[in-house]
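Report on one structure; see the data block that follows.
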Amino acid sequence: METTGIKPARDAMLSIGWVPLNGRSIDLSGAGYVVVAGAEVGESATIHGLTDDEVATGVSAEEAIEQLLQALQGRVLLAHFAALETGFVHKHCRQLYDGAVPDLAVVDTFSLERRHMECMATYPRGEDLRLPRVRERYHLPYYTSHNALNDALACAEAYLAITSVSSVRTLKDIKE
């Protein structure tokens with residue numbers, strides 16, 4: 001997800017991207033990306049590259065959230081630093097659905113990698129847990145950050161890499 005900032009109460013959602021994982025396979029045929037209309041991009045354009053003109057032609061927040069929830073049906077939300085995504089999803093769901101929020105099952109690659117590093121007696125500092133740095137450690141290809149679809153693919157690949165070398169193999173392992 002790309003936003004104008006990191007605080008759902010103050011900032012706006014700009015785009016959402018998703019890439020399904022089926023077992024240990026990435027399903028690009030189920031990938032999706034939407035730009036969300038209604039926000040003024042302002043200085044955040046220097047980070048994610050979305051302009052006010054692109055955002056003006058996007059879909060409504062309601063349509064974007066509905067598409068995301070449809071893509072998540074029967075699935076787990078996989079994200080890197082998932083609190084950002086869940087915060088914005090909950091904010092928009094509360095506004096759109098009379099205060100109701102979905103009970104999302106969530107896997108956070110930020111937390112998985114932190115836990116893996118700590119198990120290896122390597123304690124993360126500073127930028128060590130940012131998605132590009134995590135991907136670099138696993139020798140994954142470099143992708144431009146701050147595009148919601150690129151980030152979704154980057155996160156899916158990072159998840160597969162992290163779980164290939166850690167004790168985490170299933171969602172049950174993650175919840176324990």
Check whether any side-chain N or O of Asp27 sits under 3.5 Å from a backbone N or O of Asn22 as a donor-acceptor pair, and report yes or no.
no

Kindly determine whether Leu72 and Leu68 satisfy side-chain contact (heavy atoms from CB on, under 4.5 Å), including the steps that lead there.
CA-CA 6 Å; Leu72 283 171; Leu68 176 63; 3.9 Å; yes

Could you tell me if Gln70 and Gln73 have a donor-acceptor pair between their side chains, going purely by distance under 3.5 Å?
yes

Same cluster (ILVMFWY, side-chain, under 4.5 Å), Met120 and Leu140:
no

N/O donor-acceptor pair under 3.5 Å between His80 side chain and Leu129 backbone
yes

Has Glu118 got a side-chain atom pairing as donor or acceptor with Arg115's backbone, closer than 3.5 angstrom?
no

Strictly distance-based, threshold 3.5 Å: is any side-chain N or O of Lys91 a donor or acceptor partner for the main-chain N or O of Asp11?
yes

Does OH belonging to Tyr33 count more than 12 external heavy atoms closer than 6.0 Å?
yes

Hydrogens and angles aside, do Glu63 and Ser60 bring a side-chain donor and acceptor to less than 3.5 Å of each other?
no

Step-by-step side-chain contact (heavy atoms from CB on, under 4.5 Å) determination, Val35 to Glu2
CA-CA 9 Å; Val35 174; Glu2 289 303 315; over 6 Å; no

Test item: Asn150 side-chain N/O and Asn147 main-chain N/O as donor-acceptor pair under 3.5 Å:
no

Could you pull out the closest heavy-atom pair between Ala105 and Val76, with the gap in Å?
O-CG1, 3.4 Å

Is the charged tip of Arg135 near the ring of Tyr143: under 6.0 Å from the six-membered ring centre and within 45° of its axis?
yes

Indicate yes or no for a side-chain donor-acceptor contact from Thr4 to the backbone of Val41 under 3.5 Å, with no hydrogens or angles considered.
no

